[in-house]
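See below for the structure under consideration.
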There are 2 protein chains.
Amino acid sequence: MNKRQPITIKEVAEAAGVSQMTVSRVLNKQKLVKESTRLRVEAAIAALNYRPNLMARGLAGGKSKLIGLAYYNPSPSYLSALLVSALKQCRDLGHHLVIEDLSDIEGDLDNSVIIGRLSSIRLDGLILAPPLSNNRTLLKLMQDMGIPVVALSYRDPGSNHSSVAFDDVAAAFLMTELLIENGHSRIGFIRGPLEHPSARQRQIGYENALKAHDIPVDKSLIFDGDFTFKSGMDLANDVLELKTPPTAIFASNDDMAAGVIAGAQRRGVKVPSELSIVGFDDTAIAAAIWPRLTTVKQPIAEMAQTAVDMISDITSSAWDGEPAHVTIDTIQIIERESLVKRS
Amino acid sequence: MNKRQPITIKEVAEAAGVSQMTVSRVLNKQKLVKESTRLRVEAAIAALNYRPNLMARGLAGGKSKLIGLAYYNPSPSYLSALLVSALKQCRDLGHHLVIEDLSDIEGDLDNSVIIGRLSSIRLDGLILAPPLSNNRTLLKLMQDMGIPVVALSYRDPGSNHSSVAFDDVAAAFLMTELLIENGHSRIGFIRGPLEHPSARQRQIGYENALKAHDIPVDKSLIFDGDFTFKSGMDLANDVLELKTPPTAIFASNDDMAAGVIAGAQRRGVKVPSELSIVGFDDTAIAAAIWPRLTTVKQPIAEMAQTAVDMISDITSSAWDGEPAHVTIDTIQIIERESLVKRS
DNA sequence: GTGAAAGCGCTAACAC
DNA sequence: GTGTTAGCGCTTTCAC
C-alpha cells in the first residue's frame, strides 16, 4: 500500500481509450484536440488522480519548471519579502522555486561547486538578487549555459539579460525632500556597500535633492554602512560624536536605520525628538521597532513577481530572445513615527 | 555558441574509452571501479566539463536530489535562519532545496493545488516547519505518496515519520528561573498560538519553574499572542493596564518580545529598568532592537542541518524504514540588556 | 485530430 | 571490474 507506483500517462491513456500523445496534448493545453476527447481524457486524469512526473517532462521536453533564486547576504526581511512573492507567483504559474544561497562562496565563483550545481539542475531561469545582479562572472556563466537570467534592481547597460528595477534615485530624492520639508537641513546619509548598484543610486538621489534645495552636500555627513543592522548601530556613534550632529539621518535601508535608532537610544539620544531617522525598503523590521520607521516602500513583491513572470514567458512562448527591462515606477513613502518636524 | 548542447555521459564514456555504466559508477562513487580507470574517467569528466543531468538521473534512478521545505507563516528571521542552514547542508550533500510556502492555502489542503505540486515534483523528502509539523492531513498525504518527512520541533507520539526537536519545556524552565534569580516573581507570560506544539511546551516550562520556586501560577499574567511582533505590541497594553503589572515578561518568541518592548516604550515605560522582557529563539531581531533581548537560543541551524542529513540518509543508504527522532539538547540562554535585576 | 515510433540522459539488473 | 540491455515517463517528429 505504501509507496505504490504513481499513475503514469500510459494508464491514463488506456483508461480514456486514447494514445499517450493525446493525453500529453491535453496536459499541455494544446488546441488540436477535439472537445469530446479532451473531456474524456480529463475525466480519466481526475479519476485516476494522475500527476505528471516533472523529471520525465524535463528530460523529454527540456523544460524543468524549476526557477532558481540566487542571493548573497540579504537581510532576513528583504529575503522573506522576495520569497513570499516569488513563491506565490511560481505556484500560480506552475513552477517551483529552487534557492541558491551564494553568501559564503569562497574563492573564485568560476571554480566553485556552485557552477556544477547550477548546470546540473537545468533551471528554466535564474533570478539574481542584488548584489548578484551585477556580478559579471555569474552572468557570463549563465549565458554560457543558456539559462535565462532576470536581474533584480539593476539594469546593466550593455547586457543581454532581462531586468526588473526600481527608480532608486527618484525614491531617495523624494525621501530627502520630505526630510527637508520637515525643516531638516543637516541631514546625514548612510550609504550601502558600493557593490550594490542601488547604494550609489540612493546617494545620488539624496545629493540631488539637497542641491535642488540649495543645501550644500557635506561629505562629513555621509557615512559608509554595509546594509546590516550592526553597521547602523556602530555608525550612530560616529554620527553623534560630530561637533554639530545632523538633526536627521537617512539610512539607505531599513536594517541600518533600525541600527541607528538602537545606537542613538543606547546613548540616551531620543528618537525622533532629538534625532529623526528614516530608512529605505519598508521591510518587516521597519514596523517592528519603536519608533516605527518612516521609510521608502521598495516594491520588492512586484519586482519578484515580475521576474517570475518574465522567466515563465521566456520558457513557455516562442521567445524572441530579446531581453526585457521593466522599471516599477510607483514610489511610495510610508510615514510613521521616526521622523518629526524639526523643533 | 549560445545554448550549446550540454555534454552527456555518452561523450564522457567515449572520451575515456569506457562504457556509460563505468562513468555512471564513478559519478555515484561506487567502489567497484579500478583505480586507474576511475582516474581516466575523472580526467575525461574534467576535460569535457561534464555535468550530470539531474532530470535524467531522477527519472532513471528514482532520486531527484530535491528536498522540500514547507512552512506556514514563519517569522522572517526564523525562516531566514532555517534557510541558511538547510541550504548549506543541501549544498554540502549535493541536494537542492525547493521551497513550498503554504501560508495562504485556502480551504481543504486535500483539494488544494499544493498536492498536485508536491506529487508532481518527486521530492526525495520534505521538511516540515512548525506548525506544519503536526498537520495530520499533510503528513498523511506525504505518507501516501511515499515521501519521507522530517518534522521540526514536534515529535508525534504515534507517528511513523522522523523528527528533530528541542526541549522547549526545559528551555522555558531555565529562562523562567533566570528571571526568578534576578528577583522577579510577578512574571508575565505571552503564549504562542496553540497550533504550535512548542507554544504549550514553553508554557509548561514557565509554570513548572514558577511552581519549583513556590510562586503561584497567576492565570491573569498569561496572555495569548500569535508569535507576531504586532501581537506583542498590542499585548503590552493589556499587560501594563493591569492594576499590578508584572515586573518582567517572558514572551514565547523574539518577535513578540520585541513587540512588547516597542509597546512599552510607546507608552513611556522604560525597558528594562521598569519592565524586563525576555524572548525565545535568538533570531536576528533579538539583537536588532534596543535594548537587545535576553533570550533562549533555539538551535534552528542544528535542527535544519539534522533534518537535511536525515533525508539524505534515507535517500542514499538502504534505509530500514524506521523513523529517527533526534532531540537537540544544548540549551543556551543569551544574556543581553533587556533583563535586569529587580530594583 | 490522432497515433506510432524514437528518443531525452541516465541507472537498475543482469551478464561476462 | 566492466559492459550490455532495458527501461524510467514523457515529448518530439512525423505519419495517417
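To find a chain, count down the sequence lines: A is the first, B the second, and so on, and within it residues start at 1.
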Heavy atoms of A:Met55 and B:Leu59 approach each other most closely as CB-N, 4.1 Å

Does A:Asp156 pair with A:Arg136 as a salt bridge, N-O distance under 4.0 Å? yes

Taking for each residue the nucleotide of DNA chain D bearing the nearest heavy atom, is the 5' side occupied by A:Arg57 or by B:Gly61? B:Gly61

Taken to the nearest whole Å, CD1/A:Ile9 to P/C:dG3 is 12 Å

Rounded to the nearest angstrom, tell me the gap between atom CD in A:Gln30 and atom P in C:dG3. 14 Å

Could you give the CG-to-C1' distance, from B:Leu32 to C:dT11, as a whole number of Å? 13 Å

Could you please name the option among C:dG9, C:dA13, C:dG7 that lies closest to any side-chain atom of B:Ala60? C:dG9

Look at the side-chain N and O atoms of B:Asn28 and state whether any lies under 4.0 Å from the OP1 or OP2 oxygen of C:dT11. yes

Please report, rounded to the nearest Å, how far the C1' atom of C:dC8 is from the CG atom of A:Leu54. 15 Å

Between C:dC14 atom P and B:Arg25 atom CZ, what is the distance in whole Å? 14 Å

Could you go step by step and tell me if A:Val150 and A:Ile311 meet the side-chain contact (heavy atoms from CB on, under 4.5 Å) rule? CA-CA 7 Å; A:Val150 177; A:Ile311 291 179; 3.7 Å; yes

Do the side-chain N and O atoms of B:His95 and B:Gln89 include a donor-acceptor pair separated by under 3.5 angstrom? no

When you match B:Arg122 and B:Glu35 each to their closest nucleotide on DNA chain D, which lands nearer the 5' end? B:Glu35

Between C:dG3 atom P and A:Glu14 atom CD, what is the distance in whole Å? 13 Å

Of the listed nucleotides (C:dC8, C:dC10, C:dG1), which one gets closest to any side-chain atom of B:Gln20? C:dC10

Would you say C:dT2 has OP1 or OP2 under 4.0 Å from some side-chain N or O of A:Thr37? yes

Boundaries of the chain B footprint along DNA chain D (any atom under 4.0 Å from a heavy atom): D:dG1 to D:dG9

Take A:Leu128 and A:Asn135 through the side-chain contact (heavy atoms from CB on, under 4.5 Å) test and state the conclusion after the steps. CA-CA 9 Å; A:Leu128 258 26; A:Asn135 183 314; over 6 Å; no

What is the distance, rounded to the nearest whole Å, between atom CE of A:Met21 and atom P of C:dA6? 16 Å

note: A:Leu39, atom CG; C:dT2, atom P; distance rounded to Å ~ 12 Å

Between A:Val12 and A:Leu48 the two heavy atoms that sit nearest each other are CA-CD1, 3.8 Å

Could you tell me whether a side-chain N or O of B:Ser64 sits under 3.5 Å from a main-chain N or O of B:Arg122, the two making a donor and an acceptor? yes

